[in-house]
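Side chains included, hydrogens not; waters and symmetry mates left out as well; all remaining heavy atoms used. Chain A is the first sequence line, chain B the second, and so forth, proteins listed ahead of strands; every chain is numbered from 1.
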Amino acid sequence: MVSKAPPCSAAATAVSSTVRQGRFGVLGGILKKGYSPGTVTYTALIKGLCLVDRVGDAAKLFKKMRRLGCRPNIITYGTLINGLCRTGNTGLALQLHQEMVNGNGGLDSKFKPNLVWYSTIIDGLCKEGMVDKAKELFLEMKGSGISPDVVVYSSLISGLSYYDDGWEEAKGLFIEMLDGGICPNVVTFNGLMNALCKVGRTQEANRLLELMIQRGVKPNLFTYNTLMDGYCMQGRLDDARELFFSMGNKGHERDVVSYNVLINGYSKSGRVEEGMKFYRHLIREGFKPTIYTYNTLLTGLFKERKVEDAWKIYDEIQANGVKPNSITCNIFVNGLCKNDCLLEALEFIKALGNTGFAPTIEFFNCILDGLCKAGNVDTAKELFYKLPEKGFVPTVVTYSTIIHGLCKEGKLEKANDLFLEMEEKGCAPNVVTFNTLLRGFCQNNEALKVVEFLRKMSEREVSPDAHTFSIVVDLLTKDEKYSEYLNLLPTFSAQGQTNDPSDELLRGTESVSMSIYIAKLPSQDVGTWARMHDMDIRLNISSHSKEYEMIAVDKNKRAEAARMVLFWASEVNQEYVIVKADYQVLVNCSFSASVTSVEGTGGGYGYADHLGGICDDVFVGLSALLLFLCSFLVLVSSLPFSCVSARGKQEERSNDWRNHRYYNQSWSGIQNSKV
DNA sequence: GGAAGATCGA
């Protein structure tokens, strides 16, 4: 069917004005009267549907108009692309964009998108974390002769905060726009500050604040909330608090987000009581709490095992008319399971059924984990096998959870069987699955099994992570025969390794050293961790694995941080004795931090001397690890740090190592022991 | 004319 001439503009106007009110019956009326809608009418309808968030229907209508031979114009494309981007369907928007540029295989006319549409898609892509795609489009746009403006730059700069190292690129873009004569505005500054704060570079963010004031750009509420969150993430709660109270003086009243940020800071640092105080303050001041407020508080409460208080908060959510979301439900199910309130968790899920909330496989993963943690791995297995009947497809997480439960109870053979079963069913094991099994076998001193699974891992091209290394280190250091195992360790395939090997090596060694002492810390001692905020240490407590992960944000403070943590640990927990592995960590940290004056004797060397007295071959163990890392990277032929020295800024450090007597001594030891 | 920024879990 070919469309007739467009209907009279009066009809299109009627459609346009009524769709805005969401009255779509008008279209039916027009069709019944024998009018055939044209592009303008369709576009108006699509716009109306987008306005009331019925983007799916808008897309259907778009398809229909094309099927009926009515050609979309540039405004039709623009309207739909806008709607799709706004509702998190940027992938589809991108497809449309490409059709629009290429002319849909000759079916439709080609159009040249303008600045604002590029800006819309780039922003949408950034919001959905597809920053690489956004960068591609950015180049495409520049290639077609459109100069990006401050909005496009700002979108990209804030999008880059998705990546840990995004701040460097964000900074580059910032400089690029300055060079191009485009003035950054408050949004641009906020975006860059956020990228810096996300990785703990609050000092630089502060300098940026000064710069913006200098340039006459007035900071706003977003600026201060961003900075405050940066402080919180570093555990610098006192600074965050100070900023919170000083905001009023700077002419920016606090908003509910300011409260949320601070409450989140306290919750994450194991000081939920203080978070609660700010929550009460918020209510007293007449702010309306949001679901963020509650989710944050609940996370903190469950983390500190305050299940009763969590239920009280749940009542307050209802009382204050705030709508819980899927995150709230997840926090509850997870929190209850983790706090051994399995029955309550089941009740909770049952209650969710009445609210129309549909549990997902992730919910069952929580339940299964809860069952396993409570030592009911058999019940968990029963539930696990019932899931497919109910239409839930077990994921790699589901399998890994059960495998974890089995390993925990020493049922390693059954764990091994389930591994085979998951592969049979076509579910690919990931690094967590392997780590779980490896840990199980390590704890049982089954070195041959460890080697077998490392080999499987390499065959399936699953890249090991810091935990894998830490598990292997554990085996290497606790067993005298580590050099024998070392010869058995497979050489990992270089395929699938896209990262810069020297980067990987550095990350690997640093994470390993962290993991070692983390494993030795008293795991329930939240108070100790709270005292770390002066040290610029970002704390990430993973409730799932009940292990602590920490990153000293400032590399130069790592060694100091490690020392402090170890001594706190021995101070708080009388049973805690500093062992040789701890010294190893200190030495390793000192070197990796290039700190030269810890404990007076000169950084890592000082600890190395202590270490020498305790155990001469500790460095042999350390080098064994390095060698393992290197063989994994197929760098066996070169010295461990020769690849590192390729990076100019690490030159000094690698020399430190190579000249060090322990290092040389142990290196020759390893060379001899290698067949 | 339109487009951009901060807080929650796993």
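- Within the model, atoms CZ of A/Arg236 and CG of A/Asp238 stand 10.0 Å from one another, a figure rounded to the nearest 0.5 Å.
- Listed pair A/Lys338 / B/dA10 fails the phosphate criterion, with no side-chain N or O lying under 4.0 Å from OP1 or OP2.
- Scanning atom types as modelled, no donor and acceptor separated by under 3.5 angstrom connect the side chain of A/Asn82 and the base of B/dA3.
- Atom OH in A/Tyr292 sits about 7 Å away from atom P in B/dC8, given to the nearest Å.
- Side-chain proximity of A/Ile327 to B/dG5, B/dC8, B/dA10: nearest is B/dC8.
- When each of B/dA10, B/dG5, B/dT7 is scored by its nearest atom to the side-chain atoms of A/Lys127, the top-ranked nucleotide is B/dG5.
- When the C1' atom of B/dA10 is taken as reference, atom CG of A/Asn295 falls 13 Å away, rounded to whole Å.
- Regarding A/Met233, its CE atom lies at a distance of 14 Å from the C1' atom of B/dC8, rounded to whole Å.
- A distance of 6.0 Å or more separates the ring centres of A/Phe111 and A/Trp117.
- Side-chain proximity of A/Val187 to the nucleotides B/dA3, B/dG5, B/dA10 is greatest for B/dG5.
- Of the candidates B/dA3, B/dG2, B/dA6, B/dG2 carries the atom nearest the A/Trp117 side chain, counting heavy atoms from C-beta on.
- Between A/Glu316 and A/Arg280 there is a salt bridge, since a side-chain N of the basic residue sits under 4.0 Å from a carboxylate O of the acidic one.
- Here A/Asn225 does not reach the OP1 or OP2 of B/dT7: none of its side-chain N or O atoms lies under 4.0 Å away.
- Comparing B/dA6, B/dA3, B/dC8 by their closest approach to the side chain of A/Asn264 singles out B/dC8.
- Here A/Val152 lies out of heavy-atom contact (under 4.0 Å) with every strand.
- Remark: C1' of B/dT7 and CG of A/Asn325 are 13 Å apart, rounded to the nearest angstrom.
- Which of B/dT7, B/dG5, B/dA4 sits closest to the side chain of A/Ser158 comes down to B/dG5.
- Note: A/Tyr314 and A/Tyr294 fail the aromatic proximity criterion, with ring centroids not under 6.0 Å apart.
- For A/Asn260, counting side-chain heavy atoms from C-beta on, the closest listed nucleotide (B/dG5, B/dA6, B/dT7) is B/dT7.
- Regarding A/Lys303, its NZ atom lies at a distance of 6 Å from the P atom of B/dA10, rounded to whole Å.
- Nearest to the side chain of A/Asp229, among B/dT7, B/dG5, B/dC8, sits B/dT7.
- Residue A/Lys198 has no polar side-chain atom (N or O) positioned under 4.0 Å from OP1 or OP2 of B/dG5.
- Aromatic ring centres of A/Phe332 and A/Phe302: separated by under 6.0 Å.
- Summarising the geometry, the separation between NZ on A/Lys268 and C1' on B/dA10 is reported as 12 Å, rounded to the nearest angstrom.
- Ring pair A/His281/A/Phe278 is tilted by interplanar angle, where 30° to 60° counts as tilted.
- Summarising the geometry, the separation between CD1 on A/Ile361 and C1' on B/dA10 is reported as 14 Å, rounded to the nearest angstrom.
- Rounded to whole Å, the distance from CG on A/Asn220 to P on B/dA4 is 15 Å.
- Between the side chain of A/Thr120 and the base of B/dA3 there is no donor-acceptor pair of N/O atoms closer than 3.5 Å.
- The aromatic rings of A/Phe384 and A/Tyr399 sit perpendicular, their planes meeting at an angle over 60°, well past the 30° parallel limit.
- Among the atoms of the strands shown, base atoms are found under 4.0 Å from some heavy atom of A/Asp149.
- The side chain of A/Val261 sits closest to B/dT7 out of B/dT7, B/dA3, B/dG5.
- In the region residues 131-141 of chain A, proximity to DNA chain B at under 4.0 angstrom, judged on heavy atoms, holds for none of the residues.
- Aromatic pair A/Phe222/A/Phe189: ring centres not closer than 6.0 Å.
- Outside the 6.0 Å centre-distance limit, the rings of A/His97 and A/Tyr77 are not counted as a close aromatic pair.
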